Amino acid sequence: MACFLASAILLVLQANAAPPELIREGFGLTLDPMDLDPGLALNVSEGEPSSPPPGTSKRAPHSIIIGVRKGGTRALLEMLDIHPEVAAAATEVHFFDWDENYAKGFEWYHELMPYSYPHQITVEKTPGYFTSPLAPERICAMNSSIKLLLILRDPAERVISDYTQVYFNRLENHKPVQAIENLLVRNGALNIRYKAIQRSLYDVHMRNWLRHFPLEQVHIVDGDALIRDPLPELQKVERFLNLPPRIVSSNFYFNQTKGFYCIRSDGRERCLHESKGRPHPAVNSTVLQQLRSFLQEHNRTFFRLVKRTFSWQ
């Protein structure tokens, strides 16, 4: 009923949303520790068995990592996958944010989940959910009591990381690129219609989620803290998901060469690949200050919504 009532007023509330995302994404340096090598598969992605292990089944997720893009979702899932009672979906499903996938129905969605034992919980992650206008309502319709994980980082740094990912993707596909300043500023003013900026308006997107879920069902992971010291953040996630404490300090080691923590579990090591640690551009200081000033009030509003603060202003 709560989901139904919330959806009934959705059109009225959308009047407060940010401007539409109309700007085409498009850059020179610090490595981004949020980019764990996508080529390093999770345990479940080594290939589904021809026949499922006895006693296992595919189940709807007990928890979903909903975002944010370039906030550290990949790192969070890789680290959470250390836990023996977690079965992680191998790929980003984009079921609740892409209409063409949602139209395929829940049976299609369930088939993309990993096999899991009764004592395990299934976790799916799709960063696009957080900024999707429809994902909260759709997830609520599936399971109104589901536990949601949201990992966030400094929103200004997230903008730069978002731009950087698009920049390298365009280079790899032999497409033209632009300097970040040309995307951040138009006609002398901050281009607030730029997609990367809109994704960093955490308060706007959080309001949409709180129309469908109580704050108690959303655990926010501090992405900056996760990179500095992973264990405390992972222990908070364990408690939120009612998992027994199994992730320990020996699961992480600091790679002096890379300057980041890497993962050690089941005799394997997973770390940032040299080709995937994307360098950030050196952004014009005046433009960067414009961006931070614009985000400041949105950050304050977000802090009030979630009843906590973060190191970023």
Side-chain angles (χ1 to χ4, degrees), residues 13 16-18 30 32-35 63-77 79-80 125 127-132 135-136 146-163 184 190 192 194-243 247 252 260-261 280 283 285 287-313:
L13 293 172
N16 296 322
T30 59
D32 187 352
M34 295 300 183
D35 287 318
S63 179
I64 299 178
I65 299 174
I66 59 174
V68 62
R69 168 173 158 142
K70 305 311 297 176
T73 59
R74 177 78 187 184
L76 176 59
L77 188 65
M79 292 175 179
L80 189 56
K125 102 56 193 176
Y129 291 161
F130 181 58
T131 57
S132 165
I146 195 168
K147 294 193 173 185
L148 305 171
L149 292 170
L150 172 63
I151 180 167
L152 301 175
R153 66 193 294 196
D154 181 320
E157 290 298 321
R158 198 220 62 81
V159 169
I160 300 170
S161 182
D162 197 327
Y163 161 82
L184 289 173
L190 192 69
I192 62 173
Y194 176 36
K195 286 183 180 180
I197 293 179
Q198 295 216 344
R199 293 189 187 104
S200 280
L201 304 183
Y202 298 158
D203 61 321
V204 173
H205 306 299
M206 194 67 194
R207 279 197 189 98
N208 193 25
W209 285 91
L210 293 178
R211 290 166 192 150
H212 300 275
F213 294 96
L215 183 59
E216 294 72 25
Q217 279 178 234
V218 185
H219 176 72
I220 302 173
V221 178
D222 186 332
D224 298 311
L226 183 76
I227 295 305
R228 289 194 305 269
D229 187 7
L231 185 58
E233 289 298 314
L234 268 296
Q235 290 173 329
K236 294 174 188 175
V237 173
E238 285 180 321
R239 290 192 291 270
F240 174 71
L241 297 178
N242 295 319
L243 291 168
I247 301 175
F252 308 100
F260 312 134
Y261 278 95
H280 280 187
V283 186
S285 59
V287 173
L288 184 58
Q289 184 55 46
Q290 278 184 277
L291 175 62
R292 292 193 179 278
S293 296
F294 171 74
L295 291 171
Q296 196 169 50
E297 187 56 40
H298 285 280
N299 294 342
R300 292 195 193 103
T301 302
F302 177 74
F303 296 162
R304 290 194 293 269
L305 284 173
V306 300
K307 299 180 172 65
R308 62 180 284 196
T309 60
F310 295 81
S311 60
W312 25 274
Q313 299 300 313

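Basis for what follows: all heavy atoms, side chains included, without hydrogens, waters or symmetry-related copies. In this text the structure is predicted, and so the values were computed from the model without any measurement.
- Applying the side-chain hydrogen bond (donor to acceptor under 3.5 Å, both in side chains) criterion to D222, with sequence neighbours excluded, gives no partner residue.
- Applying the salt bridge (Lys or Arg N to Asp or Glu O under 4.0 Å) criterion to E216, with sequence neighbours excluded, gives no partner residue.
- Among residues two or more places apart in sequence or in another chain, the side-chain hydrogen bond (donor to acceptor under 3.5 Å, both in side chains) test is passed with T309 by none.
- Qualifying side chain to side chain contact (heavy atoms under 4.5 Å, CB included) partners for Q217, counting only residues two or more places apart in sequence or in other chains: F213, P214.
- In this structure L210 satisfies the side chain to side chain contact (heavy atoms under 4.5 Å, CB included) test together with M206, L215, L305, sequence neighbours excluded.
- No option in K70, R199, K195, R153 other than R199 meets the salt bridge (Lys or Arg N to Asp or Glu O under 4.0 Å) test with D162.
- Of the inter-residue distances, the one linking L243 atom CG with S63 atom OG reads 9.0 Å to the nearest 0.5 angstrom.
- Salt-bridge formation is detected for the pair R304/E297: a Lys NZ or Arg NE/NH1/NH2 atom is positioned less than 4.0 Å from an Asp or Glu carboxylate oxygen.
- Within the model, atoms CG of L152 and OG1 of T73 stand 11.0 Å from one another, a figure rounded to the nearest 0.5 Å.
- In terms of the ring pair (Phe, Tyr, Trp, His ring centres under 6.0 Å) criterion, residue partners of F294 (sequence neighbours excluded) are, by chain and number, H298.
- In summary, the aromatic rings of F303 and W312 are positioned with their centroids under 6.0 Å apart.
- Distance CG/L150 to NE2/H219: 9.5 Å, rounded to 0.5 Å.
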